[in-house]
Participant: 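My structure is below; once you've seen it, I'll send some questions.
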Amino acid sequence: MARMEWSCCPLSIEMVLDRVKPHLQQSERGTSSKRRRRRRRTKETKARMSAAGGAGKVVCVTGASGYIASWLVKLLLQRGYTVKASVRDPNDPKKTEHLLGLDGAKDRLQLFKANLLEEGSFDPIVEGCAGVFHTASPFYHDVKDPQAELLDPAVKGTLNVLKSCSKAPSLQRVVLTSSMAAVAYNRQPRTPEVVVDESWFSDPDLCRQTNAWYVLSKTLAEDAAWKFVKEKGIDMVTINPAMVIGPLLQPTLNTSAAAIGNLINGAPTFPNASFGWVNVKDVANAHILAFEVPSASGRYCLVERIAHYSEIVRILRELYPSAQLPEKSADDKPFVPIYQVSKEKVKSLGINYIPLEQNLKETVESLKEKGFVKF
Ligand SMILES: NC(=O)c1ccc[n+]([C@@H]2O[C@H](COP(=O)([O-])OP(=O)(O)OC[C@H]3O[C@@H](n4cnc5c(N)ncnc54)[C@H](OP(=O)(O)O)[C@@H]3O)[C@@H](O)[C@H]2O)c1
């Protein structure tokens with residue numbers, strides 16, 4: 001019920017909470033065992049995370065200067081891991097300074113130069129690693145040559161990294177950063193009652209027909225990865241996040257944070273689209289848990305909530321009344337409906353999502369601090 005209200009009516013967050021509170025109180029008894037289970041799970045996760053630790057373990061992160069990877073490197077260092085990190089240009093301070101400044105970096109972060117399209121360039125990085133987090137893949141929409149700019153780095157690049165993995169006897173598990181783009185883009189209807197889960201796969205033909213090149217790049221890359229690891233007997237887990245938002249560590253603006261920045265920076269309209277949203281810290285944590293939890297397997301969808309852009313704008317207006325936000329949709333069509341994404345599997349990893357309102361606040365505060373939005 002709360003989901004419908006949040007997506008359709010111009011309610012304030014306080015009004016929504018007021019409406020939801022009585023229901024929460026009524027169902028308190030019913031949910032207390034749920035809460036106890038959740039608390040136990042959180043405790044177990046914390047225990048698991050601190051017990052397992054990363055001290056003495058060496059892992060690799062590809063594309064380390066990226067938005068998600070920077071958080072992953074930060075949290076891995078925090079947990080005591082030694083991190084071998086690949087960047088395309090180790091001489092570019094915009095790509096390295098924020099990493100070298102992280103706690104633990106001085107002693108346990110090593111930067112390597114590597115390009116996804118250079119055969120064998122990941123061999124020396126993956127060598128000696130217990131875990132490989134392959135996050136590097138181009139993520140932007142304004143492409144002129146989709147094959148060269150998106151598809152080759154995604155697909156050939158993933159196979160290139162996995163080939164290096166197949167040569168490393170130290171390797172225990174690969175965690176691949178895939179995407180909801182590889183899950184939910186097919187011809188099945190997506191409406192409020194539909195629950196998308198890890199058994200869904202995107203349809204490459206549909207991607208080609210609609211010129212959804214980034215979506216195609218992630219779909220083909222994940223598919224190629226599963227085929228390769230099956231053949232080589234490599235243990236791989238994929239993390240499939242939707243739109244990732246939250247604070248930026250890197251000094252440059254990435255595509256998903258820009259989606260929020262654009263709304264605040266005077267866009268005349270908001271897109272008529274419903275996306276899943278998730279915090280970058282949850283995404284980075286999920287990667288680490290996917291490596292550390294022995295029973296982790298297969299794919300993990302990461303979506304805190306699906307929301308239409310009109311809902312994102314409404315929450316932003318509540319949070320920042322003085323911001324200039326778009327009033328109308330980019331087209332006159334009915335709003336693209338929301339749908340649901342199952343949280344069951346990711347809960348079993350121990351992730352309890354940061355809520356969308358906080359994700360948006362953290363994004364805007366970070367964009368403000370870095371000078372990407374002004375109001
Ligand atoms: N952000 C999201 O909403 C989202 C959602 C789902 C999945 N993902 C996935 O998460 C991963 C990271 O995305 P992000 O949002 O963190 O994007 P990002 O900040 O743009 O990072 C992308 C990284 O990939 C690297 N890269 C691109 N082409 C490369 C090449 N040819 N050789 C080596 N490295 C290359 C980039 O290196 P440079 O720094 O040198 O450019 C950068 O470090 C990607 O796999 C993306 O598909 C992102």
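All figures in this text were calculated on a predicted structure; none of them were measured in a lab. We count ligands from 1, going down the list as the structure has it; atoms in each ligand are counted the same way. All values below were derived from every heavy atom in this structure, side-chain atoms included, with hydrogens, water molecules and symmetry-related copies excluded.
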Participant: Assess P241 for proximity to ligand 1: is some non-hydrogen atom of it under 4.0 Å away?
Facilitator: yes
Participant: Might you confirm whether atom CG of N211 has over 12 heavy atoms from other residues, nucleotides or ligands at distances under 6.0 Å?
Facilitator: yes
Participant: Would V183 and N240 count as a side chain to side chain contact (heavy atoms under 4.5 Å, CB included) here? Give the steps.
Facilitator: CA-CA 8 Å; V183 175; N240 296 65; 3.4 Å; yes
Participant: Which ligand 1 atoms, with their elements, are less than 4.0 angstrom from a heavy-atom of K95?
Facilitator: 38 (P), 39 (O), 41 (O)
Participant: Please state which option from S70, S137, S121, G66 has its nearest heavy atom closest to atom 24 (O) of ligand 1.
Facilitator: S137
Participant: Is there a donor-acceptor pair under 3.5 Å between the side chain of S256 and the backbone N or O of M243?
Facilitator: no
Participant: With side-chain contact (heavy atoms from CB on, under 4.5 Å) as the test, pick out the partner of V61 among L72, V132, L99.
Facilitator: L72
Participant: Salt bridge check: are D89 and K95 linked by an N-O gap of less than 4.0 Å?
Facilitator: no
Participant: Classify the contact between S86 and ligand 1 as side chain, backbone, both or neither, using a heavy-atom distance cut-off of under 4.0 Å.
Facilitator: neither
Participant: Could you tell me whether the side chains of E344 and S342 share a donor-acceptor contact shorter than 3.5 Å?
Facilitator: no
Participant: May I ask you to decide whether K345 forms a salt bridge with D197, counting only side-chain N to carboxylate O separations under 4.0 Å?
Facilitator: no
Participant: Can you tell me which residue and heavy atom of the protein come closest to atom 31 (N) of ligand 1, and the distance to 0.1 Å?
Facilitator: N115 OD1, 3.2 Å
Participant: Would you check whether T135 reaches within less than 4.0 Å of ligand 1, judged by its heavy atoms?
Facilitator: yes
Participant: Within less than 4.0 angstrom of ligand 1, does S217 place any heavy atom?
Facilitator: no
Participant: Using a strict 4.0 Å cut-off to heavy atoms of S256, name the atoms of ligand 1 that fall inside it.
Facilitator: 1 (N), 2 (C), 3 (O)
Participant: Judging by distance only, is a nitrogen or oxygen of D89 under 3.5 angstrom from one on ligand 1?
Facilitator: no
Participant: Check each atom of ligand 1 against the heavy atoms of G63 and keep those under 4.0 Å away; list them by number with element.
Facilitator: 43 (O)
Participant: Would you please classify the geometry between the F375 ring and the Y320 ring as parallel, tilted or perpendicular, with 30° and 60° separating the classes?
Facilitator: perpendicular
Participant: Any nitrogen or oxygen of P153, main chain or side chain, under 3.5 Å from a nitrogen or oxygen of ligand 1?
Facilitator: no
Participant: I'd like the name of whichever of F139, Y214, Y67 reaches closest to atom 8 (N) of ligand 1 through any heavy atom.
Facilitator: Y214
Participant: So, are E362 and K281 salt-bridged, with charged N and O less than 4.0 Å apart?
Facilitator: yes
Participant: Which residue and atom name correspond to the protein heavy atom nearest atom 7 (C) of ligand 1, and how close is it?
Facilitator: S178 O, 3.1 Å
Participant: Show which atoms of ligand 1 fall inside a sub-4.0 Å distance from at least one heavy-atom site of K218.
Facilitator: 44 (C), 45 (O), 46 (C), 47 (O)
Participant: Under 4.0 Å, counting heavy atoms only: does A154 come that close to any atom of ligand 1?
Facilitator: no
Participant: Could you check whether D103 and Q78, counting side-chain N and O atoms only, form a donor-acceptor pair closer than 3.5 Å?
Facilitator: no
Participant: Using a strict threshold of under 4.0 Å (side-chain N to carboxylate O), is an ion pair present between K361 and E318?
Facilitator: no
Participant: Among all the protein's heavy atoms, is there at least one whose distance to atom 20 (O) of ligand 1 comes out below 4.0 Å?
Facilitator: no
Participant: Output yes when the distance from some N or O of ligand 1 to some N or O of A136 is under 3.5 Å, and no in every other case.
Facilitator: no
Participant: Return the residue, atom name and 0.1 Å-rounded distance of the protein heavy atom closest to atom 32 (N) of ligand 1.
Facilitator: L116 N, 2.9 Å
Participant: Please determine if A69 has a nitrogen or oxygen closer than 3.5 Å to a nitrogen or oxygen of ligand 1.
Facilitator: no
Participant: Run the numbers for me: atoms of ligand 1, each under 4.0 Å from some heavy atom of S65, listed by number.
Facilitator: 39 (O), 43 (O)
Participant: Applying a heavy-atom cut-off of 4.0 Å, say which part of A242 lies close to ligand 1: side chain, backbone, both or neither.
Facilitator: backbone
Participant: Taking the six-membered ring of F201 as reference, does the NZ or CZ atom of R299 fall below 6.0 Å from its centre and within a 45° cone about the axis?
Facilitator: yes
Participant: Do any heavy atoms of T177 fall under 4.0 Å from ligand 1?
Facilitator: yes
Participant: Counting heavy atoms only, which of I68, D92, V283, D152 comes nearest to atom 16 (O) of ligand 1?
Facilitator: I68
Participant: With a 4.0 Å cut-off, would you call E127 and K84 a salt bridge?
Facilitator: no
Participant: I want to confirm something. Looking only at heavy atoms, which of M243, R88, Q250 is nearest to atom 35 (C) of ligand 1?
Facilitator: R88
Participant: Could D203 and R187 be called an ion pair, given the rule that one side-chain N must be under 4.0 Å from one carboxylate O?
Facilitator: yes
Participant: Hey, is ligand 1 close enough to V244 that some N/O pair sits below 3.5 Å?
Facilitator: yes
Participant: Does the N or O separation between S179 and ligand 1 drop below 3.5 Å for any pair?
Facilitator: no
Participant: Centre of F270's six-membered ring, under 6.0 Å away, within 45 degrees of the axis: is that where NZ or CZ of K328 sits?
Facilitator: no
